[in-house]
Undergrad: 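Before we start, here is the structure in question, set down as structure tokens.
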Amino acid sequence: MWWFGKGQLKKNPLKLSFICRYAKYLIIFSFCLGLCCLSGFYHMKSYRISKSHKELLIPPMPCHAKTNVMFLKTHKTASSTVLNIMFRFAERHNLTVALPAGQLLHLGHPLTFMAHFVEGFETIGQNYNIMCNHLRFNSLEVKKVMPANTFYFSILRNPIPLLESSYIYYKDHVPAFRSSKNVNEFLESPTKYYQPADYRMNIYARNIMWFDFGYDNNAKDDANYTQAVLKEIEHNFHLILIAEYFDESMILLKHTLCWPLDDVIYFKLNSRSQDTIQTLTAKSEEQIKTWCSLDWKLYLHFNQSFWRRIEETIGLDVLEKEVNHLRTRQKELMETCLSEQEAVREDHIRNKAFLPFQSGAANILGYNLRQDLDNTTLRTCQKMVTPELQYTSHLYAVQHPDKEKKVVGSPLLRTRSQEKKQLPRSN
């Protein structure tokens, strides 16, 4: 602070004049500075309020349903249910499905996928919308078939129940399974039964998901190798779902593809009766983590990314509400469509056209439809319970009417309401 005595000021009038002028400028400067700060404060406050107000009033940008979708159908992972969802979506929106050529029922599996495995590829080219039948993934060849803006996704399952399921389902077809009494005996010494050289038949006995993604299921579990594969899968696929959280997976898929809820409503397909499930010992469960270590690492990695994706996009609270909504809607449709409102054993399926393929020691369940359905509702319900092979045959006949029909027949009716492909409305 400046300080001058009274006597000094009287003796020096010039200095007094200078001090007065300085004080005046200092007061004016301070006043202007105060106004600027006050103005800035109110402007900042107003901006914040205005921005918050806009965020509340402006709805999020509308998304557009993705119609070019590739689903890698892995084995024994609830993938037949996903395939049914994809087929129904394709029919509802008049989309073209990349179907197996000729009498093939899979897209070349266990051979690595090639574009010519798809019916009509030579003439249709890169104009397919949906691809979802079994194949062994080959990114370069798939991209020859599917458009550049295709959305890629798949589904994984915990390798412990998966191997037990594979053992029962492929018991009669896989050499590694045939000579053992049960799954626990096989797991006591898997190398005693398993021959890597016979890969085409034995793939179901070890790291089958790793194989389906296009990699060597007998590869050494090296940290650098597995990390490189996981990164490549993350690069090739936009989303990986988890079978143990199927309803949650359908909600995440719905949001990601921008599909309405009814497009992901489902009836569980290709499931088996409880009496065919073999109980694994604790030792067997631990052995699977080692024997199928590549699948185990694959599952752990994408199980984590699945939940991270949900937290970053939907949130757990919204997820819970939408899962409840999905289950309510599913219950409504089961009451509308099904006479027993649940899956039934093979020998209880009345219409054998809807009998799912039976394999190994598994008793694959199916459904009986109500008898009092009108044509429109009947067709919708039929599609929801049609097994994979029959639905593939049906779509093949529709898309390629000039070709010889696949041996597996189609149970779907031809009705005048064929174009009305909406689900029955909820009350």
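Values below: all heavy atoms of this structure, side chains included; hydrogens, waters and symmetry mates excluded.
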Undergrad: Are the side chains of I160 and W296 in touch, meaning some heavy atoms are under 4.5 Å apart?
TA: yes
Undergrad: For the pair L163 and I208, evaluate side-chain contact (heavy atoms from CB on, under 4.5 Å) and give the outcome as yes or no after the intermediate values.
TA: CA-CA 9 Å; L163 185 65; I208 179 57; over 6 Å; no
Undergrad: Would D374 and L378 count as a side-chain contact (heavy atoms from CB on, under 4.5 Å) if you check the C-alpha gap in whole Å, the side-chain angles of each, and the deciding distance to 0.1 Å?
TA: CA-CA 6 Å; D374 61 77; L378 174 63; over 6 Å; no
Undergrad: Identify whether NZ of Lys or CZ of Arg in K406 sits under 6.0 Å from the centre of the six-membered ring of Y396 and within 45° of that ring's axis.
TA: yes
Undergrad: Are more than 12 heavy atoms from other residues, nucleotides or ligands located less than 6.0 Å from atom CD of E404?
TA: no
Undergrad: Should F177 and F186 be marked as a ring pair (Phe, Tyr, Trp, His ring centres under 6.0 Å) after you check the CA-CA gap, both sets of side-chain angles, and the distance that decides it?
TA: CA-CA 7 Å; F177 292 157; F186 167 75; 5.2 Å; yes
Undergrad: Could you list the donor-acceptor pairs under 3.5 angstrom formed between side-chain atoms of residues 304-316 and any protein atom two or more places apart in sequence or on another chain?
TA:
{"residue": "S305", "atom": "OG", "partner": "F302", "partner atom": "O", "Å": "3.1"}
{"residue": "W307", "atom": "NE1", "partner": "N303", "partner atom": "OD1", "Å": "3.4"}
{"residue": "R309", "atom": "NH1", "partner": "H238", "partner atom": "O", "Å": "2.9"}
{"residue": "T313", "atom": "OG1", "partner": "R309", "partner atom": "O", "Å": "2.6"}

Undergrad: So do the side chains of I240 and I155 get within less than 4.5 Å of each other, counting heavy atoms only?
TA: no
Undergrad: Can you list the steps and then say if T96 with N127 is a side-chain hydrogen bond (donor to acceptor under 3.5 Å, both in side chains)?
TA: CA-CA 8 Å; T96 303; N127 291 309; over 6 Å; no
Undergrad: For Q278 and V183, indicate whether the former's side chain and the latter's backbone hold a donor-acceptor pair under 3.5 Å.
TA: yes
Undergrad: Hey, could you give me each pair passing disulfide (SG to SG under 2.5 Å) that has a residue in residues 70-132? Not counting sequence neighbours.
TA: none
Undergrad: Are the aromatic ring centres of Y170 and Y204 under 6.0 angstrom apart?
TA: yes
Undergrad: How about F137 and F113: are their ring centroids closer than 6.0 Å?
TA: no
Undergrad: For residues F237 and F151, establish whether the separation of their ring centroids is below 6.0 Å.
TA: no
Undergrad: Sequence neighbours left out, what passes side chain to side chain donor-acceptor pair (under 3.5 Å) with K73? Give chain and number order.
TA: S79, S80, H134, E388
Undergrad: Is the closest side-chain donor-acceptor distance between E141 and H116 under 3.5 Å?
TA: no
Undergrad: Is the shortest side-chain heavy-atom distance between R206 and P190 below 4.5 Å?
TA: no
Undergrad: Sort and list the pairs that fulfil salt bridge (charged side-chain N to carboxylate O under 4.0 Å, His left out) and have at least one residue in residues 349-361, not counting sequence neighbours.
TA: E340-R350
Undergrad: Does any part of the side chain of L298, heavy atoms only, come nearer than 4.5 Å to the side chain of L230, both counted from C-beta?
TA: yes
Undergrad: So do P100 and L105 actually touch side chain to side chain, heavy atoms under 4.5 Å?
TA: no
Undergrad: Just checking, is any N or O donor in the side chain of E342 or Y367 under 3.5 Å from an acceptor N or O on the other one?
TA: no
Undergrad: Output, in order, the C-alpha distance, side-chain angles, deciding distance and verdict of side-chain contact (heavy atoms from CB on, under 4.5 Å) for M384 and C381.
TA: CA-CA 5 Å; M384 294 191 72; C381 296; 5.7 Å; no
Undergrad: Write out all pairs satisfying disulfide (SG to SG under 2.5 Å) with one or both partners inside residues 154-220, taking only residues at least two apart or from two chains.
TA: none
Undergrad: Can you tell me which residue pairs pass the salt bridge (charged side-chain N to carboxylate O under 4.0 Å, His left out) test with a partner in residues 280-290, sequence neighbours excluded?
TA: E286-K289
Undergrad: Taking atom CD of Q274 as the centre, does the number of heavy atoms from other residues, nucleotides or ligands within less than 6.0 Å exceed 12?
TA: no
Undergrad: I'd like to know if the side chain of Y391 pairs up with that of E91 as donor and acceptor (distance under 3.5 Å, no hydrogens or angles considered).
TA: yes
Undergrad: Would a 4.5 Å heavy-atom cut-off, applied to side chains only, mark L111 and R136 as touching?
TA: no
Undergrad: Checking N184 now: which residues fulfil side-chain contact (heavy atoms from CB on, under 4.5 Å) with it, not counting sequence neighbours?
TA: N182, L280, T281, S284
Undergrad: Verify side-chain contact (heavy atoms from CB on, under 4.5 Å) between V69 and L257, making sure each step is shown before the conclusion.
TA: CA-CA 9 Å; V69 183; L257 296 182; 4.3 Å; yes
Undergrad: Quick one: does T226's side chain have a donor or acceptor within less than 3.5 Å of a partner on D222's backbone?
TA: yes
Undergrad: Taking only residues two or more places apart in sequence or in another chain, which ones pass salt bridge (Lys or Arg N to Asp or Glu O under 4.0 Å) with K403?
TA: E119
Undergrad: Can a cation-pi geometry be assigned to K76 and Y169, taking NZ or CZ under 6.0 Å from the six-membered ring centre and within 45° of the ring axis?
TA: yes
Undergrad: I'd like to know whether H109 forms a ring pair (Phe, Tyr, Trp, His ring centres under 6.0 Å) with F117, so could you lay out the CA-CA distance, the side-chain angles of the two residues, the decisive distance to 0.1 Å, and finally the verdict.
TA: CA-CA 10 Å; H109 195 282; F117 293 161; over 10 Å; no
Undergrad: Determine whether the side chains of N84 and T81 contain a donor N or O and an acceptor N or O closer than 3.5 Å.
TA: no
Undergrad: Kindly state each residue pair satisfying disulfide (SG to SG under 2.5 Å) with at least one member in residues 180-263, sequence neighbours excluded.
TA: C63-C258
Undergrad: When you measure from the side chain of N68 to the backbone N and O of N149, does any donor-acceptor pair fall under 3.5 Å?
TA: no
Undergrad: Under a 3.5 Å cutoff, is there a donor and acceptor pairing between the side chains of D221 and S293?
TA: yes
Undergrad: Applying side chain to side chain donor-acceptor pair (under 3.5 Å), can you list everything that pairs with K231, at least two apart in sequence or on another chain?
TA: none
Undergrad: What's the verdict on salt bridge (charged side-chain N to carboxylate O under 4.0 Å, His left out) for R178 and D172, showing C-alpha distance, side-chain angles and the deciding distance?
TA: CA-CA 6 Å; R178 275 201 297 258; D172 298 336; over 6 Å; no
Undergrad: For the rings on Y152 and H235, is their centre-to-centre separation under 6.0 Å?
TA: no
Undergrad: Quick one: side chain to side chain donor-acceptor pair (under 3.5 Å) partners of D198, sequence neighbours excluded?
TA: none
Undergrad: Check V145 against A115 and note the closest heavy-atom contact, atom names and distance.
TA: CG2-CB, 3.8 Å
Undergrad: Which pairs would a plain distance check flag for residues 244-253, meaning a side-chain donor or acceptor within less than 3.5 Å of a matching protein atom at least two apart in sequence or in another chain?
TA:
{"residue": "E244", "atom": "OE1", "partner": "N158", "partner atom": "N", "Å": "3.4"}
{"residue": "E244", "atom": "OE1", "partner": "Y299", "partner atom": "OH", "Å": "3.2"}
{"residue": "E244", "atom": "OE2", "partner": "N158", "partner atom": "N", "Å": "3.0"}
{"residue": "D247", "atom": "OD1", "partner": "Y266", "partner atom": "OH", "Å": "2.4"}
{"residue": "D247", "atom": "OD2", "partner": "R327", "partner atom": "NE", "Å": "2.6"}
{"residue": "D247", "atom": "OD2", "partner": "R327", "partner atom": "NH2", "Å": "3.2"}
{"residue": "S249", "atom": "OG", "partner": "I242", "partner atom": "N", "Å": "3.2"}
{"residue": "S249", "atom": "OG", "partner": "I242", "partner atom": "O", "Å": "3.0"}
{"residue": "S249", "atom": "OG", "partner": "Y245", "partner atom": "O", "Å": "2.9"}

Undergrad: Taking NE2 in H325 as the centre, count heavy atoms belonging to other residues, nucleotides or ligands within less than 6.0 Å. Is the count above 12?
TA: no
Undergrad: Determine whether the side chains of H75 and D212 contain a donor N or O and an acceptor N or O closer than 3.5 Å.
TA: yes
Undergrad: Between D263 and I85, is any pair of side-chain heavy atoms under 4.5 Å apart?
TA: no
Undergrad: Do F211 and P110 come close enough that some side-chain heavy atom pair is under 4.5 Å?
TA: yes
